[in-house]
Number of protein chains: 2
Amino acid sequence: MSAKKVQQPDARAVRMPAAERRELILAAATAVFAERGYVGATTDQVAKAANISQPYVVRMFGTKEKLFLEALDRAMGKLMGSFRSVIADYDGGRLAEKVAALDPAKGDSREIQLKQLMSLAYADLVQDRGILLMLMQSFISGHEPVIGARAREGFVDIYRLVRDEAGLGEEMTRDFLAHGMLMNTLISLRLTDLYGQDSSVTELLECTMGVKLPLLLAHDAPP
Amino acid sequence: MSAKKVQQPDARAVRMPAAERRELILAAATAVFAERGYVGATTDQVAKAANISQPYVVRMFGTKEKLFLEALDRAMGKLMGSFRSVIADYDGGRLAEKVAALDPAKGDSREIQLKQLMSLAYADLVQDRGILLMLMQSFISGHEPVIGARAREGFVDIYRLVRDEAGLGEEMTRDFLAHGMLMNTLISLRLTDLYGQDSSVTELLECTMGVKLPLLLAHDAPP
DNA sequence: GTCTATAAGATGATAGAC
DNA sequence: GTCTATCATCTTATAGAC
């Protein structure tokens, strides 16, 4: 027998600058909260996903609630950042190629084109399940005193962005948000995983997602 | 001082037939699950809401999971029942009065009228927050092995109802579901509670809910 | 039909070592 | 910067009395 004690390779995580570790934990937390929700997720699951110890998670963020809030801010930031760059790129004329590829049957006003481009950006963002599910989880946390308040603020921010910065009119804003919510639902229900396996599900997805479907079927791949 | 020991009025619940008690517990469970979600809700909260002891809740339904499933079936049943009676009443010509009150600008095909009537029925159902939030909670439980599967079935059932029984076409089905999801989100976020208090929220609600708004502002009143 | 007592297992957070 | 040990709660579920 070897005199050396057998050690698990990841028993102690590699040292790492705090900022980097933070982002790593936030990414792990996003995935866990996305699946299990605020109440359902445990700090231990987050720790395991980030390959560190549970007390360290708490040490770094103070409380589970603060961790959730930071993960939520991060998700909101990515979503709004994505929309803002679409708007900026469109208005800066840097999306001519993508605009040309849009369905011309849907008209060609700025409003309509921007709505289509933002839908595509949204579908693209959704490929990281975590971000969108994180938002979804916040949307159903209205009863939580702190998280609920932040979630409402976030939703209003998104509305203002779509309405004022993108400049979509009333009807288009409503439709844009509504279809986004439907997409979120299909993804969090995991119906998208059953595409092609069940005829009703397949029909449902093709009916509700339309052209965005192919974009949704790529799954998260491990790094 | 009185010699009589002070007793809490509801320390021991009144005896009651099992079936009646079941429905009472299910109604309580619906409210609790609606607010806190499957993982977040505790059997003790349900017990307190139903004014009975926690072990009795478990005794009656076996497990928390089974309780959730029964509450979910009940909610699904009410939703589908509500839609089915709209369809039956419409096709039986018993809704002439309501049809006359519809927005004529939106056309007058069977499809369009039915969609409007079902939206109204939905908005009506929503006045019981519990039912809709219960469904919402199931929609984000896709990762739960048993509950997730049931939730997917339920969503597909709703789709088939709208598509086949109501006979709405592809586009109308998509819109109907999408706006339903948006409505759910606004309600579970509790944005509806802030109507009239914050100008952005008020604008957002009027933009997204349109004509259905007045129906949403009545809250559950205690019996 | 309904309760009290309680077992058995999580879970969030703290203390303090390395 | 990161861990181990551990506390105090909370939560589901069981046993058994009334």
Side-chain angles (χ1 to χ4, degrees), chain A residues 5-29 32-33 35-71 137 141 144-147, chain B residues 5 7-29 32-33 35-71 137 141 143-147:
Chain A
K5 202 163 143 196
V6 176
Q7 289 254 337
Q8 310 208 348
D10 292 328
R12 179 169 284 260
V14 211
R15 280 177 83 87
M16 179 180 302
E20 197 176 327
R21 180 64 81 192
R22 273 186 87 79
E23 167 57 20
L24 212 145
I25 300 181
L26 280 177
V32 174
F33 281 131
E35 287 288 86
R36 319 275 325 243
Y38 170 58
V39 206
T42 71
T43 52
D44 195 47
Q45 291 165 341
V46 174
K48 286 195 169 65
N51 239 293
I52 53 171
S53 72
Q54 178 265 330
Y56 189 29
V57 173
V58 175
R59 160 75 58 112
M60 196 143 216
F61 291 90
T63 63
K64 176 169 138 175
E65 189 177 66
K66 284 180 187 161
L67 175 58
F68 187 92
L69 288 174
E70 292 220 33
Q137 294 290 358
S141 298
E144 296 278 342
V146 183
I147 294 176
Chain B
K5 199 164 145 198
Q7 289 252 338
Q8 309 208 349
D10 293 329
R12 178 169 285 260
V14 210
R15 280 177 82 87
M16 177 179 305
E20 195 175 329
R21 181 64 81 191
R22 273 186 88 78
E23 167 57 21
L24 212 145
I25 299 181
L26 280 177
V32 175
F33 281 130
E35 286 288 87
R36 318 276 325 240
Y38 169 57
V39 205
T42 71
T43 52
D44 195 49
Q45 291 165 340
V46 173
K48 286 197 168 65
N51 239 295
I52 55 173
S53 71
Q54 179 267 330
Y56 189 30
V57 173
V58 176
R59 160 75 56 113
M60 197 143 216
F61 291 89
T63 63
K64 175 170 136 173
E65 189 177 66
K66 284 179 187 161
L67 175 59
F68 186 91
L69 288 173
E70 292 220 35
Q137 295 289 358
S141 299
H143 73 280
E144 296 278 342
V146 183
I147 293 176

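Since the structure is predicted, the reported quantities are computational estimates derived from the model, not experimental observations. Proteins come first, then strands; the chains are lettered A, B, ... in the order of their sequence lines, and each starts at number 1.
- In this structure, B/Q45 atom CD and D/dT11 atom P are separated by 7 Å, rounded to whole Å.
- For B/R59, there are no side chain to side chain donor-acceptor pair (under 3.5 Å) partners, not counting sequence neighbours.
- Within the nucleic acid shown, B/A41 comes within 4.0 Å of sugar-phosphate atoms alone, with no base atom in reach, counting heavy atoms only.
- In the set D/dC3, D/dT2, C/dT2, the nucleotide with an atom closest to the side chain of B/A13 is C/dT2.
- Atom-to-atom, OH of A/Y56 to C1' of C/dG12 comes out at 18 Å; the value is rounded to the nearest Å.
- Every residue two or more places apart in sequence or in another chain that forms a side chain to side chain donor-acceptor pair (under 3.5 Å) with B/E23 is listed here: B/R74.
- Test A/V58, A/V46, A/T43, A/L69 against A/K64 for side chain to side chain contact (heavy atoms under 4.5 Å, CB included) and you get one pass: A/T43.
- The residue B/T42 sits close only to the backbone: its heavy atoms come under 4.0 Å of sugar-phosphate atoms, none of a base.
- The residue A/M60 sits apart from the nucleic acid: no heavy atom pair falls under 4.0 Å.
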* Base-contact (B) and sugar-phosphate-only (S) positions in nucleotides 13-18 of chain D, heavy-atom cut-off under 4.0 Å, - elsewhere -> BB-B--
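- Between the CD1 atom of A/I52 and the P atom of D/dC3 there is a distance of 6 Å, rounded to whole Å.
- Among the heavy atoms of the strands lying under 4.0 Å from A/V14 are primed sugar atoms or P, OP1, OP2 only; no base atom is included.
- Rounding to whole angstrom units, CZ of residue B/R21 and C1' of C/dC3 are separated by 12 Å.
- When heavy atoms are screened at a 4.0 angstrom cut-off, B/A50 is found touching no nucleic acid atom at all.
- With sequence neighbours left out, B/F68 forms a ring pair (Phe, Tyr, Trp, His ring centres under 6.0 Å) with B/F33, B/Y38.
- For B/K66, the side chain to side chain donor-acceptor pair (under 3.5 Å) test picks out no residue, with sequence neighbours left out.
- With sequence neighbours left out, A/E35 forms a side chain to side chain donor-acceptor pair (under 3.5 Å) with A/R190.
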